[in-house]
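Every chain is numbered from 1, with letters handed out A, B, ... down the list of sequences.
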Amino acid sequence: MADLRTHTCGELRREHAGATVRLSGWVHRKRDHGSLLFLDLRDHYGITQCVLDSSSPLFKVAEPLRLESVITVAGKVVPRAPAAVNPKLPTGEIELSVAELIVQSPADPLPLQVNTDAEFPEETRLRYRFLDLRREKLHRNILLRSRIITSMRRRMIEAGFVEFQTPILTSSSPEGARDYLVPSRVHPGKFYALPQAPQQFKQLLMTAGFDRYFQIAPCFRDEDGRADRSPGEFYQLDFEMAFVTQEDVFAAIEPVLQGVFEEFRDGAAVTPAPFPRIAFDEAMRKYGTDKPDLRNPIVIADVTDVFRGSSFSAFATAVAAGAVVRAVPAPGASAQPRSFFDKLGQWARDQGAPGLGYVVRGEGGAKGPLAKFLDGDRLGRLVAATGARDGDAVFFVCDKKPAVEKLAGRVRVRLGEELGLIEANAFRFCWVTDFPMYELNEDTGKIEFSHNPFSMPQGGLEALEHADPLTIKAYQYDIVCNGVELSSGAIRNHRPDIMYKAFALAGYGREEVQARFGGMLNAFKFGAPPHGGSAPGIDRIVMLLAGETNIREVIAFPMNQQAQDLLMGAPGPVPPERLKELHLKLDLPSEDSGKDPRR
RNA sequence: GGGCUCGUGGUGCAGCCUGGUUAGCACACUGGACUGUCAAUCCAGAGGUCGCGGGUUCAAGUCCCGUCGAGCCCGCCA
């Protein structure tokens, strides 16, 4: 018989009764009756009840075993009496009568309990990640992640994509997030950078004629974490296609994403392909964000004209000065108590707004603080713009356009949640298209790229030379699901002449562009195919499919918000010899330095 | 860098608003009882600088100030 196991802990059934088997695993739980001991043995595959009584010489070995000790047991598979069957376990019809027991690895008392889903402090969970990963939820999430990645890979290969690897040690990219830098030993004072994305490499592979690239790509960005953004590193399903338009890219990736979500949706509805397309400007107007959650039925309306010249002077004067007014309908809100409106108003003030005006449409006409300022005509136009019905409330936000969109978007989200309007059990996808190529930096007054500088501007060279830069759109698109930005992509700018011009508008001289992107630019001078792609974020996709709201729940070994790995103690100090070898001298801040994540 | 919330035995929480008895409950841990449990049960025990520092007070887990840590958010994320 095999030394360690003949079967797994999830394998044995009634038909195995009578067989002599050997199992290995962790002591999941013990039920000690004094002269009779039940011991649940757990491995990756399941749990099997093992039993022994005081007639066994092994009883005194088994009884003091602490939870999570690793043991090997052997003995006969015994069918359980009907009353003793556990229908909750796949192995619940049998148990193992222990005749041999070897303690492979005794466990100390646990800092976090494995056999419960009780909550533990995140710091403890990260420090003892190997224990947390044994627990059911995290174990399941990580397996789900693996299956999702396998499914993505299969679907991409079936769609004719070819998997590549690209360098991890590469050059620093001047746009975007901060890079992680790696000092060169051989070249004093010079640094590699970890790639923020394999952007230029995949474009070079297109230029090299490979036609359809993909990679399960690690991306490294030195940016602060969020609940849905792991600091340091994350994974993308990075892909790129040659000789394609935007529609070709959409048609290629939609079935992959839709297929993956259908496969792992667990009963939830999934938007059928083709996904709705929403232009950036429209998304900002109707949803107040460039990543709208379409499970929320509320649509924001522009009602600037309703308040223009109205007797509500706060809005009227602001509108005259160029502000806009947006209306956020709140279906059925008239049934809410007064405190509902007061709380929302207080919340809006916490967000920095002066307040949150509203009207309620009822049978006897309009009520609410702003109702008296709106005559029948204005009220009629308001109802027409918002579609508000009897029993609905409408909230108003008035400010300059960017601020109003941001706040209206938040009000929309909050109302959707408070009024229970969010569609349950659904993955609602959309494309957000036609992002602006440039935006104005309010602080510097300068024009900057609003997204990827390698995107092709709509209208090409012609637009760059003659149009107002702030009106130029890019062939730049995002995939959004349930309000989460899953993917960002673009049709790339493969024309050096257009690229020089595009960068010139953002204040980059020809030499600077040449110095920074020379590798890719030169390649484009030797015959580059029109190409484009995107890069769905794998961690976020798994997070959505796992029903998690925190991305660390789907990453095996995540860092905390301070970008520390509490298990491995990274980042950590290095001996002076290593610094010398790398030609580095430290210039540490006077206090607060040298924080050790292990304390 | 900023804002908000939290910090009480190994762990999850209560106590704080309204200062005053021995800081309470559950899980884990230790010991004991128990031959059919499956979140076993029952009994007992050990385990606490109430994050840290300062202040107010006759008296601080509780009130005030500062500080450290964690989470969430803003900034940032081409």
Please enumerate all protein N or O atoms sitting under 3.5 Å from an N or O of nucleotides 48-52 of chain B, with distances to 0.1 Å.
none

| Crowding at NZ, Lys76(A) (>12 non-hydrogen neighbours, <6.0 Å) | no
| message | Measuring to OP1 and OP2 of A40(B), would you say a side-chain N or O of Arg31(A) lies under 4.0 angstrom away? | response | yes
Pairwise N/O distances under 3.5 Å, protein to nucleotides 27-34 of chain B:
unit_1, atom_1, unit_2, atom_2, d
C27(B), O2', Gln113(A), OE1, 3.1
C27(B), O2', Gln113(A), NE2, 2.6
U30(B), OP1, Arg66(A), NH1, 3.2
C34(B), N1, His33(A), O, 3.4
C34(B), N3, Asp32(A), O, 3.4
C34(B), N3, His33(A), O, 3.3
C34(B), N3, Gly34(A), N, 3.1
C34(B), N4, Gly34(A), N, 3.0

| query | Under 6.0 Å between ring centres, would you say that holds for Phe435(A) and Tyr475(A)? | reply | no
| said: Can you confirm whether Phe220(A) is buried at CZ, in the sense that more than 12 heavy atoms of other residues, nucleotides or ligands lie under 6.0 Å from that atom? | reply: yes
| In this structure, are over 12 heavy atoms from other groups packed under 6.0 Å from Arg510(A) atom CZ? | no
| request: Give a yes or no answer on whether the side chain of Asp222(A) reaches the backbone of Gly232(A) with a donor-acceptor pair at less than 3.5 Å. | output: no
| request: Determine whether more than 12 heavy atoms belonging to other residues, nucleotides or ligands lie under 6.0 Å from atom CZ of Phe38(A). | output: yes
| In residues 68-80 of chain A, what residues come within less than 4.0 Å of RNA chain B, judged by heavy atoms? | Arg80(A)
| said: Please tell me if Gln561(A) has a side-chain N or O lying less than 4.0 Å from either OP1 or OP2 of A70(B). | reply: no
| message | Name the residue from Lys137(A), Arg127(A), Arg125(A) that meets the side-chain hydrogen bond (donor to acceptor under 3.5 Å, both in side chains) definition with Asp132(A). | response | Arg125(A)
| query | What distance, rounded to whole Å, do you find between the two C1' atoms, one in C13(B) and one in A23(B)? | reply | 14 Å
| request: Provide the distance between the two C1' atoms, one in G31(B) and one in C38(B), to the nearest whole Å. | output: 24 Å
| said: Heavy atoms within less than 4.0 Å of RNA chain B: which residues of residues 44-60 of chain A have one? Give them sorted by number. | reply: Gln49(A), Asp53(A)
| request: Keeping the roles fixed (side chain from Asp238(A), backbone from Ala197(A)), state whether a donor-acceptor pair exists under 3.5 Å. | output: no
| task | Measure from CG on Asp108(A) to C1' on U11(B) and round the result to the nearest Å. | result | 16 Å
| said: Test side-chain hydrogen bond (donor to acceptor under 3.5 Å, both in side chains) on Asn560(A) and Glu122(A); report intermediate values, then the result. | reply: CA-CA 9 Å; Asn560(A) 67 5; Glu122(A) 184 137 36; over 6 Å; no
| task | Look at the side-chain N and O atoms of Lys88(A) and state whether any lies under 4.0 Å from the OP1 or OP2 oxygen of A39(B). | result | yes
| message | Whole angstroms only, please: what is the CD1-P distance between Ile551(A) and C72(B)? | response | 11 Å
| said: Test of understanding: with salt bridge (charged side-chain N to carboxylate O under 4.0 Å, His left out), list the residues that count as partners of Asp290(A), not counting sequence neighbours. | reply: none
| said: Looking at Val114(A), is its backbone amide N or carbonyl O close enough to the side chain of Arg134(A) to form a donor-acceptor pair, meaning the two atoms are under 3.5 Å apart? | reply: no
| field | Contact nearer the 5' end of RNA chain B, comparing Arg178(A) with Met559(A) | value | Met559(A)
| said: What is the distance, to the nearest angstrom, from the CZ atom on Arg135(A) to the P atom on G12(B)? | reply: 11 Å
| Nearest-angstrom distance from the residue atom CD of Glu553(A) to P of C72(B) | 10 Å
| Polar side chain donor-acceptor pair, Arg29(A) to Gln49(A), under 3.5 angstrom | no
| request: Between G9(B) and G24(B), how far apart are the P atoms? Round to whole Å, please. | output: 14 Å
| Nucleotide A40(B), atom C1' - distance to CG of Asn86(A) in whole Å | 12 Å
| task | Return yes if some donor-acceptor pair links the side-chain N/O of Thr471(A) with the main-chain N/O of Asp468(A) below 3.5 Å, else return no. | result | yes
| Whether Phe503(A) and Phe517(A) hold their rings parallel, tilted or perpendicular, with breakpoints at 30° and 60° | tilted
| Atom pair distance, as rounded to whole Å: CG in Asn452(A) and P in C77(B) | 13 Å
| Looking for any heavy atom pair under 4.0 Å, which part of the strands does Glu448(A) touch: base, sugar-phosphate only, or nothing? | nothing
| If you measure from the C1' atom in G3(B) to the same atom in G45(B), how many Å do you get, rounded? | 47 Å
| request: Answer yes or no: does atom CZ of Phe250(A) have more than 12 heavy-atom neighbours from other residues, nucleotides or ligands under 6.0 Å? | output: yes
| Distance, C1' atom - from U11(B) to G54(B), rounded to whole angstrom | 31 Å
| task | Could you check Gln562(A) against Phe454(A) and say which one's nearest nucleotide on RNA chain B is further toward the 5' end? | result | Gln562(A)
| said: Is it true that Tyr500(A) and Gln514(A) share a donor-acceptor pair across their side chains at a distance under 3.5 Å? | reply: yes
| query | Do any side-chain nitrogens or oxygens of Arg552(A) fall under 4.0 Å of OP1 or OP2 in C72(B)? | reply | yes
| Side-chain N or O of Lys30(A) less than 4.0 angstrom from OP1 or OP2 on U41(B)? | no
| query | Judged by modelled atom types alone, do Thr433(A) and Gln246(A) share a side-chain donor-acceptor pair under 3.5 Å? | reply | no
| task | Find the partner of C42(B): check Watson-Crick (N1-N3 plus N6-O4 or O6-N4) and G-U wobble (N1-O2, O6-N3) distances, both under 3.5 Å, and reply none if neither fits. | result | G32(B)
| message | Can you check the distance between C17(B) and G7(B), where both ends of the measurement are the P atom (answer in whole Å)? | response | 14 Å
| request: Hunt down the Watson-Crick or G-U wobble partner of C72(B), both distances under 3.5 Å, from any strand shown, or write none. | output: G3(B)
| task | For the side chain of Lys406(A), starting at C-beta, report the closest nucleotide among G36(B), A70(B), G75(B). | result | G75(B)
| message | Any residue in residues 217-229 of chain A with a heavy atom nearer than 4.0 angstrom to RNA chain B? Just list them by number, or reply none. | response | Arg221(A), Glu223(A), Asp224(A), Arg226(A), Ala227(A), Arg229(A)
| query | Backbone N or O of Asp228(A) within a donor-acceptor pair of the Arg540(A) side chain at under 3.5 Å? | reply | yes
| Rounded P spacing from U37(B) to C42(B) in Å | 15 Å
| task | Pick base, sugar-phosphate or nothing for Phe120(A), based on heavy-atom distances below 4.0 Å to the nucleic acid. | result | sugar-phosphate
| remark: Here the distance between atom P of C38(B) and atom CD of Glu93(A), to the nearest Å, is 18 Å
| query | In whole Å, what separates the C1' atom of U22(B) from that of C4(B)? | reply | 37 Å
| Between the side chain of Asn141(A) and the main-chain N/O of Glu553(A), is any donor-acceptor distance below 3.5 Å? | yes
| task | Report which part of the nucleic acid Glu485(A) touches: base, sugar-phosphate, or nothing (heavy-atom distance under 4.0 Å, all strands). | result | nothing
| query | Rounded to whole angstrom units, what separation is found between the CG atom of Leu131(A) and the P atom of U11(B)? | reply | 14 Å
| field | Nucleotide nearest Pro121(A) (side chain, heavy atoms from C-beta), chosen from A39(B), C72(B), G12(B) | value | G12(B)
